[in-house]
Amino acid sequence: MLRHSDAHVHCLVRAADEKAATARLGEALKSHRLPWSAEIRRRVTVLPGDIRRPRLGLSDSGWNELAHELDSIVGVAAAVDFLRGYQSLRQSNVIGALTLAELAATGPPKPLHHISSIAVFNEVGIASMGEDDPLAHADRLVAGYDQTKWAAEVALRRARDHGLIVTAMRPGGIGGHTRTGAHNPQDLSSGLIAAFGRFRSVPAFHCLNAAPVDWVSRVAAAVICEPDAWGFDYNLTGVPNTLDDVVRDMAFGGMHVRVQDWDEWRTDVLARLEAEPVPELGFLTRVLRSPTALKLCEATLKGSGGSTANAPPRSSRRWDCAPRRATTPGPS
């Protein structure tokens, strides 16, 4: 947003006070190789609060001031964990999204840009995942994370039906930055790719989605800054990579990998990680050990039963990535 518009951003950060919130935001930016300069500090108002609390943990005066000052709201905050159940994620992922909708409807109506997830389609056997296609059946979603993203999007669709401008953007796996390589080690696709490179082996998967983080953020910013794009749903998934794509690209980078059967690869990787733990791959280790998370991982990579691997998300809408009008996103 800061690079592609002249917006002033109010950023909600979970912290006890403004000093702690500012320090936490700065560390988060630096850890992903992003600048935390005086110019950025000038354009960002840090708000200590909590997406899980009523009115974001703000005072009544702070809430009302925000409701009348913002031009639009971007809801990025979420608890992303494939190992936790629905109830433990509900406050952050569902109630938090509804609190932002409440803020959008308080005072002058404001558009709400909700960062959802392609996980709303994570039903085994789903036939199509187009932007306007029906979401998965809730009782067929395996992971609590998927269920919470589904519940939030369904609730916000009802708010849209009642007149609130709601835009839903659904990233899939998010890979590293195309120039800096900065990535989120808690992202499943990034963890898998890191394991491919470290152990020089890949499972025989159908496809793997890991859109570069700079592409995802640039497209999201373009949508947020273009009023004609508001009120629709977008799949920010890019083009899935096939097994041949990944093997070829890694060879170009000097990493020649061997292809293994999925069960063989998982057993081999777990044995290596247990013998020599890698902190950066701790999340992947827990996923490969978890029966619930493992089902999602297998469905995506093996394409068994037809999940995201057999029904790639389709994005029918295209928007120029250079915003024409700045907007001020709210707590995210």
Side-chain angles (χ1 to χ4, degrees), residues 1-2 5 7-32 34-81 84 86-117 144-145 148-149 151-153 155-156 159 164-169 171 184 186 217 220-221 224 326-332:
M1 288 300 303
L2 296 176
S5 76
H8 185 93
V9 176
H10 294 254
C11 186
L12 184 76
V13 179
R14 191 170 65 251
D17 53 43
E18 185 177 348
K19 181 179 179 180
T22 301
R24 187 176 181 207
L25 177 59
E27 288 303 315
L29 291 171
K30 292 174 185 177
S31 70
H32 289 88
L34 294 170
W36 183 229
S37 63
E39 172 61 15
I40 291 176
R41 291 178 180 142
R42 184 185 67 81
R43 295 178 58 196
V44 175
T45 296
V46 180
L47 300 172
D50 193 331
I51 191 74
R52 300 168 298 181
R53 296 176 59 189
R55 294 196 166 188
L56 308 176
L58 304 175
S59 64
D60 289 345
S61 60
W63 171 271
N64 290 325
E65 181 180 345
L66 202 62
H68 288 81
E69 184 176 349
L70 299 180
D71 297 318
S72 62
I73 298 171
V74 183
V76 181
V80 183
D81 193 329
R84 292 163 59 186
Y86 175 87
Q87 287 300 330
S88 70
L89 298 171
R90 177 176 177 268
Q91 199 66 31
S92 295
N93 296 355
V94 183
I95 304 304
L98 296 181
T99 302
L100 293 183
E102 179 187 357
L103 180 62
T106 301
K110 297 164 283 294
L112 171 60
H113 307 287
H114 173 63
I115 305 300
S116 182
S117 170
Y145 173 76
T148 59
K149 299 306 284 188
E153 195 166 318
L156 292 178
L164 187 67
I165 297 176
V166 177
T167 304
M169 288 175 269
N184 177 12
Q186 302 300 311
S217 60
I224 293 166
T327 186
T328 304
S332 58

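No side-chain donor-acceptor contact under 3.5 Å links S5 to the backbone of L2. D50 places no side-chain N or O within 3.5 Å of a backbone atom of G57 that could act as its donor or acceptor partner. With R84 contributing its side chain and S88 its backbone, the two residues share a donor-acceptor pair below 3.5 Å. Looking at K149, its side chain never comes within 3.5 Å of a backbone N or O of V94 through a donor-acceptor pair. At distances below 3.5 Å, at least one donor-acceptor pair connects side-chain atoms of K110 with backbone N or O atoms of P108. Using modelled atom types, one side-chain atom of S31 and one backbone atom of A28 make a donor-acceptor pair closer than 3.5 Å.
Once rounded to the nearest 0.5 Å, the distance linking NE2 of H10 with CG of D71 reads 8.5 Å. Note that CG of L25 and CZ of R14 are 13.0 Å apart. Values are rounded to the nearest 0.5 Å. Taking CZ of R52 as the start and CG of N93 as the end, the distance is 11.0 Å to the nearest 0.5 Å. Interatomic distance, CG of L70 versus CD of E65, reported as 9.5 Å (0.5 Å rounding). Between the OH atom of Y145 and the OG1 atom of T148 there is a distance of 7.0 Å, given to the nearest 0.5 Å. Between the CD1 atom in I73 and the OG1 atom in T99 there is a gap of 10.5 Å [rounded to 0.5 Å].
Within the 4.5 Å cutoff, the side chain of L112 has no heavy atoms near those of the S72 side chain. Side-chain contact between C11 and V13: present, with at least one pair of heavy atoms (C-beta onward) separated by less than 4.5 Å. Side-chain contact check for I40 versus P35: some heavy-atom pair is nearer than 4.5 Å.
Annotation for E18: atom CD does not count as buried by contact number, only 12 or fewer foreign heavy atoms lying within 6.0 Å. Surrounding CZ of R43 are more than 12 heavy atoms belonging to other residues, nucleotides or ligands, all under 6.0 Å away.
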Q.
With side chain to side chain contact (heavy atoms under 4.5 Å, CB included) as the criterion, how do H114 and M169 come out once you've worked through the C-alpha distance, each side chain's angles and the decisive distance to 0.1 Å?
A. CA-CA 6 Å; H114 173 63; M169 288 175 269; over 6 Å; no
Q: In sequence, state the C-alpha distance, the side-chain angles, and the governing distance for V74 and I224, and then conclude on side chain to side chain contact (heavy atoms under 4.5 Å, CB included).
A: CA-CA 8 Å; V74 183; I224 293 166; 3.8 Å; yes
Q: Start with the C-alpha gap between L56 and L100, add the side-chain angles, then the distance that decides, and say whether side chain to side chain contact (heavy atoms under 4.5 Å, CB included) holds.
A: CA-CA 8 Å; L56 308 176; L100 293 183; 4.0 Å; yes
(Q) side chain to side chain contact (heavy atoms under 4.5 Å, CB included), that's the test. Do W63 and H68 meet it? Break it down for me. (A) CA-CA 9 Å; W63 171 271; H68 288 81; over 6 Å; no
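When all heavy atoms of L89 and A79 are compared, the pair lying nearest together is CD2-CB, 3.7 Å. Here the shortest heavy-atom pairing between A97 and A152 reads CB-CB, 4.1 Å. Taking every heavy atom of both residues into account, L164 and A105 meet most closely at CD1-N, 4.4 Å. A155 and L98 make their closest contact through CB-CD2, 3.6 Å (heavy atoms, listed as atom of the first residue, atom of the second, distance).
Under the rule for a salt bridge (Lys or Arg N to Asp or Glu O under 4.0 Å), the partners of R55 that lie at least two apart in sequence or sit in another chain are D60. Remark: S116 engages E153 in a side chain to side chain donor-acceptor pair (under 3.5 Å) (not counting sequence neighbours).
Between the side chains of T45 and H8, at least one donor N or O lies within less than 3.5 Å of an accepting N or O.
Contact check on K19 versus D17 returns no salt bridge, with no Lys/Arg side-chain nitrogen under 4.0 Å from an Asp/Glu carboxylate oxygen. Salt bridge R24/E27: absent, no basic N to carboxylate O contact under 4.0 Å.
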